[in-house]
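Because the structure is a prediction, the values reported are computed rather than measured. Throughout, protein chains are lettered first and strands after them, A, B, ... in sequence-line order, and every chain is numbered starting at 1.
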2 protein chains.
Amino acid sequence: MRTVTIADVARHAGVAVSTVSYVLSGKRAISESTSERVMRSVRALGYHPNAGARALASKRSNVIALVLPLRAGMHLPVLMQFATSVVTTARRFDHDVLLMTADEGPDGLRRVAASAMVDGLVLMDVEIHDPRVPLLRDLGEPSVLIGFPADASGLTCVDLNFAQAGAICAEHLAGLGHREIALLGAPNVVYKRGTAFAERVMEGFVAAGHRHAAGTVAWPCEETFDEVCATVSALLERHPGTSGLVVHNEAAVGHVLGALRVLGRRVPQDVSVVAICPDDVAERASPALTSVLIPAEDVGAQAVNLLMAKLEGESVPEATLLNPRLTVRRSTAAR
Amino acid sequence: MRTVTIADVARHAGVAVSTVSYVLSGKRAISESTSERVMRSVRALGYHPNAGARALASKRSNVIALVLPLRAGMHLPVLMQFATSVVTTARRFDHDVLLMTADEGPDGLRRVAASAMVDGLVLMDVEIHDPRVPLLRDLGEPSVLIGFPADASGLTCVDLNFAQAGAICAEHLAGLGHREIALLGAPNVVYKRGTAFAERVMEGFVAAGHRHAAGTVAWPCEETFDEVCATVSALLERHPGTSGLVVHNEAAVGHVLGALRVLGRRVPQDVSVVAICPDDVAERASPALTSVLIPAEDVGAQAVNLLMAKLEGESVPEATLLNPRLTVRRSTAAR
DNA sequence: AAGGGTTGTCGAAGCGCTTCGACGCTGTTT
DNA sequence: AAACAGCGTCGAAGCGCTTCGACAACCCTT
C-alpha cells in the first residue's frame with residue numbers, strides 16, 4: 001500500500017496538483033465545485049500531506065519545540081500539565097510539538113533551529129540566570145519563555161503572577177482577622193538557585209501583609225517530615241501569636257498538617273492554613289485545604305497562543321502574567 | 001544570513017554535493033583526506049542538514065513519537081521521568097521526539113504516520129483495554145508500548161515487573177519474620193479501570209506471601225487523609241496481628257504514616273512499612289521508608305532501544321520486564 | 001466592439017537532500 | 001599486455017510539496 005501523494009489526489013479529482021494545494025491551503029480562490037471535488041478525493045484516498053515535503057517547499061515545519069529545563073530531579077507534576085496543554089493548544093493551530101531537554105545544551109537549540117525542524121520555541125521553567133536565554137537572543141528564532149529571566153527585554157515571557165499569589169493568601173487571612181501570619185516556603189536551596197517565583201511569592205505575601213496591618217514572617221522550609229516538624233514548632237515558639245499559615249511547598253504541605261496535629265494545634269480552630277498547590281493535593285489533605293492554584297494549563301496555552309501570534313508576524317507584549325485563583329476550603333476560619 | 005546548504009559545503013570543500021552527503025552518512029567509502037576536508041567545511045560554515053529535505057529524500061524523519069495517555073488528571077510524576085529518558089535516549093540515536101497526547105484519538109496517530117513525520121511510536125502508560133492498541137495494529141508503524149494490553153501478541157511491550165515488585169515487598173517482610181502482612185493499594189477506581197500494574201502488584205504480593213507462609217491481605221486505598229486513616233484502622237482491627245504493611249499508592253503513603261502515628265503504632269517497632277514509590281518520596285517520610293523503586297528512566301530508555309532495533313529491521317522480544325529494586329531504609333525491622 | 005479587471009486553473013520551477021549508475025583511477029590477476 | 005576488480009568521486013534524477021507567472025474565460029466599462 002504505497003502512500004498517497006498530492007499527485008494521486010489531483011489525478012483522482014481531475015485537476016492540477018497546484019489546484020489541490022490551493023484548495024488545501026486556501027491561499028488562492030478556488031471555485032466551490034472544484035474545491036468540493038478535491039476534498040472528496042482527499043477523503044476517498046485518505047490523503048495526508050507529507051510533512052517533509054511540505055516543510056521543504058514552504059519553509060514552515062508546523063512544529064514547535066518545547067524545551068524542558070536542564071535541572072534533573074525536577075519532577076514537578078505541574079510540568080506534565082504544562083506540557084500537555086502546550087501540545088493540545090499547538091494542535092489547535094495545526095502544529096505539532098517536538099520535545100527537547102535542555103541537557104543537549106546550546107547546540108541542541110541551534111540544531112533544531114538550523115535544521116528547520118521547528119518554527120519556534122517554548123522554553124519551560126526559565127530561571128533568573130538561565131543559560132538558554134542569551135543563546136536564544138542571537139538565535140533569532142521566534143520563542144516564548146515560561147518564567148522570567150533577569151533581563152527579559154526583547155523576549156516574550158509568560159508566567160503565573162506569583163507576587164499576587166502570595167498577596168492573595170495574605171489578604172485572605174488578614175480578611176479573616178488574623179493579625180500575625182507566616183509563610184513557609186521552598187527549601188533553602190531553591191532561593192539560593194535564584195528561582196524567581198519563590199522569591200516573588202514571599203515579596204507579595206509580605207507586602208500584602210503590611211498593607212493590611214498584619215505581622216508577617218517568611219521562612220524557607222525543607223521537605224522531610226522531621227524538618228518540617230522542627231520548623232513549624234520553632235516558628236510557633238518564636239511567634240506564638242501566629243494564627244495564619246501559608247505553605248508554598250508542595251512536598252511539605254502534608255507534613256505541615258501532620259506537624260500541627262502532633263503539636264496539638266487544630267486546623268482551622270487554632271491555626272488557619274492556606275496552601276499554594278494543585279487542587280488535588282489540597283483536596284486530599286485533612287481538613288481539605290484552602291488553596292491557591294497554579295493554573296498550569298492556562299500558562300501553557302497562553303505561551304502557545306503568543307508564539308503563534310509571533311509566527312504570524314504580529315507583535316505581542318513582552319510580559320504576560322496570569323492571575324492565580326484562591327479556592328476556600330475547610331482549613332481557614334475567622335479568628 | 002541565509003541558511004547554509006549542502007551545496008555551500010560542497011563548494012567550500014571543492015567536492016560534489018553527493019560526496020558531502022556520503023561523508024556525512026558514511027554510506028560509501030570516502031578517502032580520509034576528502035572526508036576531513038569536508039568535515040572542516042561543515043564546521044567552518046556551521047552546516048546543519050535541513051530536516052525536511054532529508055526526510056523527503058531518505059524517507060526517514062529521524063523523529064519518533066511519544067504518545068501520552070488520554071486520561072486526564074493523570075499526574076503521575078514518573079510520567080515526566082519517562083518522557084525525559086525517552087528524549088535523552090532517542091538523542092543518543094540521533095533521533096528527536098514528537099510529543100503527542102492521545103486525545104486527538106486514532107486520527108492523530110494516523111496523521112503522524114501517514115504524513116511521514118515520525119519513523120516509529122512509543123506509547124506510554126498503556127492499559128489493559130487500551131483503545132490505541134487495535135489502531136496501532138493496522139497502522140503497521142514500528143512501535144513500542146510501555147505497559148501491557150490484554151492481547152500483546154505481535155506487539156513489543158516494556159514494563160516494570162510489577163508482580164515482582166509486590167513479591168519483593170512480601171519477601172522482605174517475611175524475611176524479617178513478619179507472619180501477617182497487608183498491602184494497601186491504589187484507589188478502587190484504578191482496579192475498576194483495569195490498570196494492569198495495580199493488579200499485578202497484588203498478585204505478586206499474595207503469591208510471595210503464600211510461598212513464605214505469611215498471611216496476606218490486600219486492600220484498595222483511597223487518597224484523602226481521613227479515608228486512609230479509616231482504612232488503616234479498619235485493617236488493623238480486622239487483622240490485629242498485622243505487623244508488616246506495603247503501600248502501593250504514592251499519594252497515600254504520607255497519610256499512612258500519619259494515620260499510624262495517630263493510632264499510636266510506632267514504625268518500625270510495631271509495624272514495618274514498605275512503600276512502592278519514588279526514592280525522594282521515601283526519603284522525605286519519617287522515618288525514611290524502605291521502598292521499591294519504579295525505574296522510570298530504565299523503562300523509557302529500554303523502550304527507545306527496542307524501537308531503534310525495530311527500525312533497523314532487527315527482531316526484538318515481544319515482552320521485556322524490568323526488575324524493581326528494593327532499598328532498605330528505617331521503616332522496616334525484624335519482628 | 002474594444003479594452004480592462006477579476007476569477008479560477010494550470011504548468012513548471014524549485015526547496016535541499018539522498019541515492020543510483022557511471023566513470024576514471026590504481027592495482028591485481030591472468 | 002589485456003582484462004578485471006575495487007575504490008573514490010561525480011552528475012543527475014527524483015522525493016512530494018508550494019508558489020509564481022501565465023492565461024483562458026468571463027463580466028464590466030467605455
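- Residue B/His48 contributes atom NE2, which lies 12 Å from atom P of C/dC17 at whole-angstrom precision.
- Under the 3.5 Å distance criterion, the side-chain polar atoms of A/Asp96 are left unmatched by any main-chain donor or acceptor of B/Leu99.
- Of the candidate nucleotides D/dC10, C/dC10, C/dG8, C/dC10 has the atom lying nearest to any side-chain atom of A/Ala16.
- Phosphate contact (OP1/OP2 of C/dC17, side-chain N/O of B/Ser21, threshold under 4.0 Å): absent.
- Across D/dG8, D/dG16, C/dT18, the shortest atom-to-atom separation from the side chain of B/Ile6 is found for C/dT18.
- In this structure, A/Lys59 places its NZ atom 18 Å from P of C/dA13, rounding to the nearest Å.
- Residue A/Ser58 has its side chain nearest to D/dT18 when only C/dT9, C/dG8, D/dT18 are considered.
- The nearest whole Å value for the distance from the CZ atom in A/Arg60 to the P atom in D/dG16 is 23 Å.
- Distance CG (A/Asp8) to P (D/dC15): 11 Å, rounded to an integer number of Å.
- Using a 4.0 Å cut-off between charged side-chain N and carboxylate O, B/Asp119 and B/Lys59 make no salt bridge.
- Between B/Glu32 atom CD and D/dG8 atom C1' the separation is 13 Å, expressed in whole Å.
- Proximity of B/Lys27 to the phosphate of C/dT18: no side-chain N or O atom is located under 4.0 Å from OP1 or OP2.
- For A/Arg54 and C/dG16, a side-chain-to-base donor-acceptor distance below 3.5 Å is absent, hydrogens and geometry of angles not being considered.
- Separating the CG atom of B/Leu56 from the P atom of C/dC17 is a distance of 12 Å, rounded to the nearest angstrom.
- Checked against C/dC10, C/dG16, D/dG16, the side chain of B/Ala53 finds its nearest nucleotide in C/dG16.
- Nearest to the side chain of A/Ala57, among C/dT18, D/dG16, D/dC10, sits D/dG16.
- Rounded to whole Å, the distance from CD1 on A/Ile30 to C1' on D/dT18 is 13 Å.
- The residue from B/Asn50, B/Val63, B/Leu98 that alone fulfils the side-chain contact (heavy atoms from CB on, under 4.5 Å) condition with A/Met117 is B/Val63.
- Within the 4.0 angstrom heavy-atom criterion, only backbone atoms of the sugar-phosphate kind lie near B/Val15; the bases stay farther away.
- Under 4.0 angstrom from either OP1 or OP2 of C/dT9 there lies at least one side-chain N or O belonging to A/Ser31.
- Nearer the 5' end of DNA chain C, as judged by each residue's closest nucleotide, is the contact made by A/Thr34, out of B/Val20 and A/Thr34.
- Residue-to-nucleotide contacts include no donor-acceptor pair under 3.5 Å from the side chain of B/Arg28 to the base of D/dG6.
- Looking at B/Tyr22, its side chain comes within 3.5 Å of the base of C/dC20 through a donor and an acceptor atom.
- Within the 3.5 Å criterion, the main-chain N or O of B/Thr5 finds a donor-acceptor partner in the side chain of B/Asp8.
- Closest to the side chain of B/Thr5, out of C/dT9, C/dT19, C/dC17, is C/dC17.
- Donor-acceptor pairing under 3.5 Å, judged by distance alone, is present between the side chain of B/Ser18 and the base of D/dG11.
- When the options A/Leu321, A/Leu306, A/Asn305, A/Val304 are evaluated for a side-chain contact (heavy atoms from CB on, under 4.5 Å) with A/Val158, the one that passes is A/Leu306.
- Straight-line distance from the CG atom of A/Asn50 to the C1' atom of D/dT18: 13 Å, rounded to whole Å.
- The residue among A/Leu24 and B/Thr19 whose nearest nucleotide of DNA chain D is located toward the 5' end is B/Thr19.
- Side-chain N/O atoms of B/Ser85 and B/Thr88 include no donor and acceptor closer than 3.5 Å.
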